[in-house]
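Please read the structure below before turning to the comments.
Values below: all heavy atoms of this structure, side chains included; hydrogens, waters and symmetry mates excluded. Below, read A as the first sequence line, B as the second, and so on, with proteins coming before strands; counting in each chain starts at 1. Source: prediction; values computed, not measured.
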Amino acid sequence: MFSRILIANRGEIALRIIRACRELGVQCVVVYSEADRHAHYLSLADEAICIGPADPAESYLNIPRIISAAEISNVEAIHPGYGFLAENAHFVEICRDCKINFIGPAPESMHLLGDKVQARKLAEKSKVAVVPGSDKAVANEDEAAQLAEKIGYPVIIKAAAGGGGRGMRIAHNEMSLRVAFHSAETEASSAFKNADLYLEKYLEQSRHVEVQVLADHTGNTLHLWERDCSLQRRHQKLVEETPSPGLSTEVRQELCKAAVRLAKAAGYINAGTFEFLLDKNNKFYFSEANTRIQVEHPITEMVTGIDLVQWQLRIAAGENLKLRQKDIRQQGSAIECRINAEDPANDFAPCSGCIDRFIPPGGFGVRLDSHVYPGYRISPHYDSLIGKLVVHKKTRAEAIACMKRALQEFEVGPVKTTIGLCREILTHRQFVKGKVDTGFIERTW
Amino acid sequence: MFSRILIANRGEIALRIIRACRELGVQCVVVYSEADRHAHYLSLADEAICIGPADPAESYLNIPRIISAAEISNVEAIHPGYGFLAENAHFVEICRDCKINFIGPAPESMHLLGDKVQARKLAEKSKVAVVPGSDKAVANEDEAAQLAEKIGYPVIIKAAAGGGGRGMRIAHNEMSLRVAFHSAETEASSAFKNADLYLEKYLEQSRHVEVQVLADHTGNTLHLWERDCSLQRRHQKLVEETPSPGLSTEVRQELCKAAVRLAKAAGYINAGTFEFLLDKNNKFYFSEANTRIQVEHPITEMVTGIDLVQWQLRIAAGENLKLRQKDIRQQGSAIECRINAEDPANDFAPCSGCIDRFIPPGGFGVRLDSHVYPGYRISPHYDSLIGKLVVHKKTRAEAIACMKRALQEFEVGPVKTTIGLCREILTHRQFVKGKVDTGFIERTW
Amino acid sequence: MELDKIKELVEMMKANDLSELEVVNGQTRIVLKRGPNQTAPQVIAMTPALTANGANPALRERLAAAGPESKDLPAEAAEDEKWARIVAPIVGTLYTAPSPNAEPFVETDSKVEEETVVCIIEAMKVMNEVKSGVRGTIKKILVENGSAVEYGQPLFLIEPD
Amino acid sequence: MELDKIKELVEMMKANDLSELEVVNGQTRIVLKRGPNQTAPQVIAMTPALTANGANPALRERLAAAGPESKDLPAEAAEDEKWARIVAPIVGTLYTAPSPNAEPFVETDSKVEEETVVCIIEAMKVMNEVKSGVRGTIKKILVENGSAVEYGQPLFLIEPD
C-alpha cells in the first residue's frame with residue numbers, strides 16, 4: 001500500500017478520500033484553492049497545500065500546480081476524485097512521466113472509453129448493443145440531419161468528449177436539430193476544447209442504469225451490480241438507487257455481464273462505471289463509460305459492503321482483488337439523494353453564501369457524506385453539491401420510509417436546497433411504484 | 001399497528017423512537033420538561049407536550065403527568081425509552097388500568113426479572129449458571145459478612161432493585177464490606193426506594209456479555225446475538241461491540257440459547273436483554289435482565305439489519321415476528337462509543353452548558369444517534385450522554401479503523417467529552433487484541 | 001419607558017446597523033434585536049422560540065405560541081407585558097366551569113382573590129382546582145373550555161391590584 | 001439613561017468599528033451590538049485561522065501561520081503590517097540563490113527594483129524566477145533555501161521606497 005498520497009480534488013469527494021486514507025493508514029495531502037482555505041476537511045488531512053486562486057483553471061484543473069504540489073509533498077500517488085482532472089488522459093500521462101501513480105485506469109483505457117465514438121466500436125465488438133447513431137463524429141449540420149432522418153427522431157446530440165450533461169441536446173425535428181447542433185458545438189468546444197459531436201437516437205421513457213466495475217492488474221474484473229439513476233434533471237442525477245426497480249433478475253445479470261465484457265475489452269483496471277439506457281421493452285443499450293469514481297458510488301458500497309475508494313487505492317498500489325464474483329452480494333436496498341445548494345423555485349439557480357444552520361439527519365440506516373458544517377461558505381466557483389444523503393434498509397419500501405424521515409430531519413439554511421424536491425420525489429406515486437424514466441422529473445416539476 | 005403513540009422520554013432515545021415512528025407511519029407525541037423546551041427533536045414529533053419543570057420527579061418520572069399527557073393527546077400506547085419509568089412495573093400496571101398499551105413487557109415479567117433475587121431463582125430453574133451469592137436479600141451487615149466468608153472475597157454488593165451501576169460496591173475484605181454495605185443501603189434506599197441488597201462473588205477479569213432478545217405474543221422468542229460491554233467505568237458502559245471478541249462459536253451459541261431459555265421462563269414479550277459475566281475460563285454466569293431497550297442497541301441493529309425499536313412497536317401492537325432464528329445473522333462487526341459531556345481530566349464530572357461547536361463524523365460505515373446540534377444546551381438535570389457513535393464494517397479490524405477516524409473527525413466544544421478517551425481506548429493494544437475485562441478502563445486510565 | 005423612546009431607539013438601531021440593544025434601568029429592561037434581513041426590529045421577550053424547521057410547522061407554531069414566556073403578536077406584547085399570568089400547574093384538560101351547564105368560574109373583568117378558583121384541570125380522572133394566586137382583575141382568557149393544556153401554559157392574564 | 005447618551009455611544013461604536021459595547025453603571029446596564037456576523041471588533045489583520053480540532057494540530061498551525069493573511073506573532077504584526085509582502089505565485093520548491101554555491105539573490109537590507117529576481121521556485125523541473133514587483137528594501141526573509149512553498153505564501157517583507 002502507498003504510504004502517502006495526494007488528493008487533487010475538493011469538497012465532499014476530497015473528504016471521502018481522506019476518510020479512506022485514514023482507515024487504510026495512508027497519509028494524505030490535500031490541495032486547495034484560496035476559496036477553500038477555511039474548509040474544515042483540510043484539517044483532517046495530514047497536510048494541505050494551497051495551489052492557487054479560486055478559479056479552477058488556476059487551481060484544481062491546473063496540471064503543473066498539482067504535479068508540483070505532489071512533488072514537494074513527496075507523495076507516491078494522486079487520487080483525482082471525480083470531475084476536474086479525473087478523466088483527463090493527458091494528466092494521467094504526465095503523472096506517469098513524473099513517476100507518480102495515478103489512482104485510476106491507465107491512460108490508454110481512458111482514451112478509448114472517453115471518446116464516445118471509439119467506445120461505441122468497442123461495445124459492438126463486445127456484443128453489447130448500442131443506441132442507433134453515428135459511428136464517428138458528425139462532420140456538420142447537414143450530415144447530422146441526414147443521419148437523424150435515417151435513424152428517426154427524436155435524436156440526441158452529444159459532445160464526443162463530454163460528460164455530466166454538458167454539450168447535450170435533444171431534437172425532435174430537423175429545425176430543432178440544426179439549432180441544437182450549433183449550440184452544442186459551441187458548448188462542447190468551450191467546455192472540453194473539442195467540438196466533436198455525435199448523434200444517436202433518443203430513447204424516450206428509458207431508464208438510466210449503470211454498472212459498477214472493479215478490476216485489478218491480473219485481469220480479475222468484477223461487477224458490483226447496478227445503480228438506477230433515472231431521476232435526472234437536465235442530465236444531472238438527483239436521486240439514485242440500487243437495486244434498480246426496473247430490472248428483472250435475468251436482465252440484471254445480462255447487463256452486469258455486459259459491463260464486465262466491456263471493461264475487459266478496454267483493458268480496464270481500477271473502479272469504473274458503464275452506463276446503459278434501458279428502453280420500454282427492457283432492452284438495454286450501452287451509453288458511455290465513466291473512468292473514475294462516481295458521485296453516487298455510496299449506494300453500491302451500502303448494498304455490497306465493499307469500500308470502493310479503499311479498493312481504488314489498493315488496486316493502484318498493486319493489490320489484487322481477493323473477491324470472486326459470487327462473493328459480491330446485493331443486500332437490501334439503498335437510495336441516495338443529492339443535496340445541492342440550488343433554488344428549485346428559481347430554476348435551480350446555484351446558491352452561494354454562508355450556511356448558518358446545518359442539522360444533519362442520523363440514526364439507523366442513514367449515511368451522510370458532506371463537507372459542510374455550520375459556518376461553511378459555499379463558493380460560487382464550484383458545483384453546488386453540499387451533501388449526499390444515503391439510506392440502506394432491507395427492502396425498498398423501508399429505504400423509502402427511511403429516506404423520507406431523514407430528509408424531514410435535514411435542516412439547512414439560509415441557502416435554498418434540493419431537500420424539499422427530493423421529499424416530493426420520494427413521496428410521488430410513480431417513484432414509489434418504481435415507474436420512472438429519465439424524463440420524469442422534468443415532466444413532473 | 002398503532003396510529004399514535006406517546007414517547008415518555010427525552011434526548012437521544014426520544015429522537016430514536018421518533019425516527020422509528022416516522023418510518024412506520026405512526027404519529028408520535030413527545031413529552032418534555034421545561035429544561036428541554038428548545039430541544040430540536042421536539043419539532044420532529046407530531047406533537048410535543050410540556051409536562052413539568054426540569055426536575056425529573058416533576059416531569060419524566062412523574063406518572064400522573066405522563067398519563068395525563070397520554071390522555072389529552074389521545075394516544076394508544078406509551079414508549080418509555082430507557083431509564084426514567086422504563087422498568088417501573090407500577091407504571092406499566094397504571095398504563096394497563098388506563099387502557100394504554102405499554103411498549104415493553106408485561107408487568108409480571110418485569111417484576112420477576114427486575115428483582116435480582118427472583119431472577120436468580122429463575123436462572124437456576126432454567127439451568128443457567130448464576131454467580132455464587134445470596135439467594136435472597138441479605139438481612140444485615142453480619143449476614144453479609146458471613147456469606148462473604150463462605151463464597152470468598154472479593155464480593156460485590158448490589159441493590160435488589162438497582163440498575164446502571166447505582167448501589168453497587170465491591171469489597172475485598174470484611175472491613176471494606178461493612179463500610180460498603182452501609183453506603184450501598186443508603187444509596188439503594190434513596191435511588192430506588194428499596195434498601196434490599198444482595199451479595200455475590202465478584203468475578204475478577206471477567207467480561208460483560210449480554211444477549212439481545214425479541215419475543216412476540218405467540219411465544220416465538222429469538223436472540224439477536226450478543227453484545228460485549230466490558231469497557232466500563234464505574235459500572236457505566238463506555239464502548240460496546242458485537243460480536244464479542246472473547247467468545248468462541250460454541251460459547252456464543254450456548255450463551256444465546258441460555259438467554260432465550262430465560263426469556264421463555266419469564267414469559268417475556270418484546271425486546272429485552274440478558275446480561276452475563278464471562279470469567280477467565282470462558283464460563284458464563286447470568287447476571288441480570290434489562291426489561292427495556294438498551295442504550296447500546298444500535299450495534300445489534302447494525303449486524304442483524306433488524307430495527308429493534310420498530311419491532312418493539314410492532315410487538316406491542318400485536319404483530320408477530322416473521323423471523324426464524326436461522327434468519328438472524330450476525331454480519332460484520334459493530335462498535336459503539338458513548339459520547340458523554342464529561343471531563344475525563346476532572347474525574348468525569350458532567351459538563352453542562354451550551355454546545356457551540358458540533359461537527360459530527362459521517363461517511364461509509366458511520367451511524368450517529370444524537371439529539372445535539374450547535375446551540376444545544378446541556379441541562380445539568382439529566383444524564384450526560386450527547387451521542388452514540390456507531391460503526392459497522394465487515395471485520396473487527398476495519399471497524400476499529402473506521403471508529404478511530406470517526407472519533408478523529410468528531411468535534412464538540414466548548415464542553416469536554418469522552419471523545420478523546422474513546423480514541424485512546426480504540427488505540428490501546430489490549431483493546432485491539434480484544435483482551436479487555438470490566439476492570440480494564442479503571443486500571444488503565 | 002415611553003413608547004416614543006422605544007421608537008427612537010429602534011430608529012437609531014436601524015440607522016446605525018445595530019444588531020442588538022439592551023437597556024436595564026432599575027426595574028425596566030429593554031432588549032431589542034435586529035436580524036440581518038429584517039427591516040423592523042423585533043421586540044424579544046427573553047425566550048427564543050424554537051428555531052426548528054422540521055416536520056410539523058403547526059406544532060412549532062403551537063410550541064412557540066404556547067410557551068409561558070412567549071407572545072402571540074409583537075404588537076400585543078407590550079400591552080400584555082403589563083399583566084401577570086396564571087399558568088397551568090399541570091398537564092390535562094381544562095374546564096372553565098364546574099359543570100357543563102354552570103356559569104364559568106371567571107370572565108373578563110372578574111375580580112379575583114388569591115384563593116379564587118379560576119378553572120379546573122382534569123388529569124387522570126382527577127379534577128384539580130386552579131387558583132388565581134394573585135388578587136386582581138382578569139383581563140384576558142387565553143384558553144377555551146375543554147381544551148388540553150400543557151404544563152406552564154398561560155391560561156389567564158390578570159391585572160394585579 | 002438619556003437617549004442622547006446612547007446615541008453618542010452608538011456614534012462612537014461606528015467611528016471605531018466596535019461590534020459590541022456594554023456599560024454597567026449602578027442600576028443601569030447598556031449592551032449594544034453591531035453588525036450581523038461580527039463577533040469581535042476588527043483589530044489589525046484578522047486571520048480567520050482554521051477552527052478545526054482535527055487530525056493534525058501541526059498542520060493546522062502551519063496553515064494558520066502560512067496563510068497570506070496571517071502573522072507570525074501578534075507583537076510583530078503591527079510592525080510587519082507596514083511592509084509589503086512578496087508572495088509565492090506558484091507552489092513548488094524555493095531557492096534563494098541561482099545555484100548551490102552562489103550568493104543569494106537578496107539579503108536583508110538589499111535594495112531591489114521591480115524587476116529584481118528575489119528567488120526561484122522550481123515546479124515540475126522548471127525554474128521560475130520570482131521578481132520583486134516592488135521597488136524598495138528587503139526587510140525580512142520569511143523562507144529558507146530549499147523549502148517547499150505553497151501558493152500565496154509570504155516569502156519576503158519589503159519596505160517600498
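Side-chain rings of His40(A) and Tyr376(A) stay apart, their centers remaining 6.0 Å or farther from each other. Ring centroid separation for the pair Tyr95(D) and Phe105(D) does not come in under the 6.0 Å cut-off.
Judged purely by distance below 3.5 Å, without hydrogens or angles, the side chains of Glu76(A) and Ser3(A) pair a donor atom with an acceptor atom.
Using a 4.0 Å cut-off between a side-chain N of Lys or Arg and a carboxylate O of Asp or Glu, Asp46(A) and Arg22(A) qualify as a salt bridge. Between Asp307(A) and Arg19(A), no side-chain nitrogen of the basic residue sits less than 4.0 Å from a carboxylate oxygen of the acidic one, so the salt-bridge criterion is not met. In summary, Arg314(A) and Glu23(A) do not engage in a salt bridge, as defined by a charged side-chain N under 4.0 Å from a carboxylate O.
Note: Gly52(A) leads Ser59(A), Ser33(A), Gly52(A) in heavy-atom pairs under 4.5 Å with chain D.
The contact between Ile94(A) and chain D is made entirely by side chain atoms (from C-beta outward), counting heavy-atom distances below 4.5 Å.
Near-neighbour residues of residues 111-135 of chain D relative to chain A, defined by a heavy atom under 4.5 Å from a heavy atom of that chain, comprise Glu122(D), Ala123(D), Met124(D), Lys125(D).
Note: Ile66(A) CD1 to Ile7(A) CD1 = 12.0 Å, rounded to the nearest 0.5 Å.
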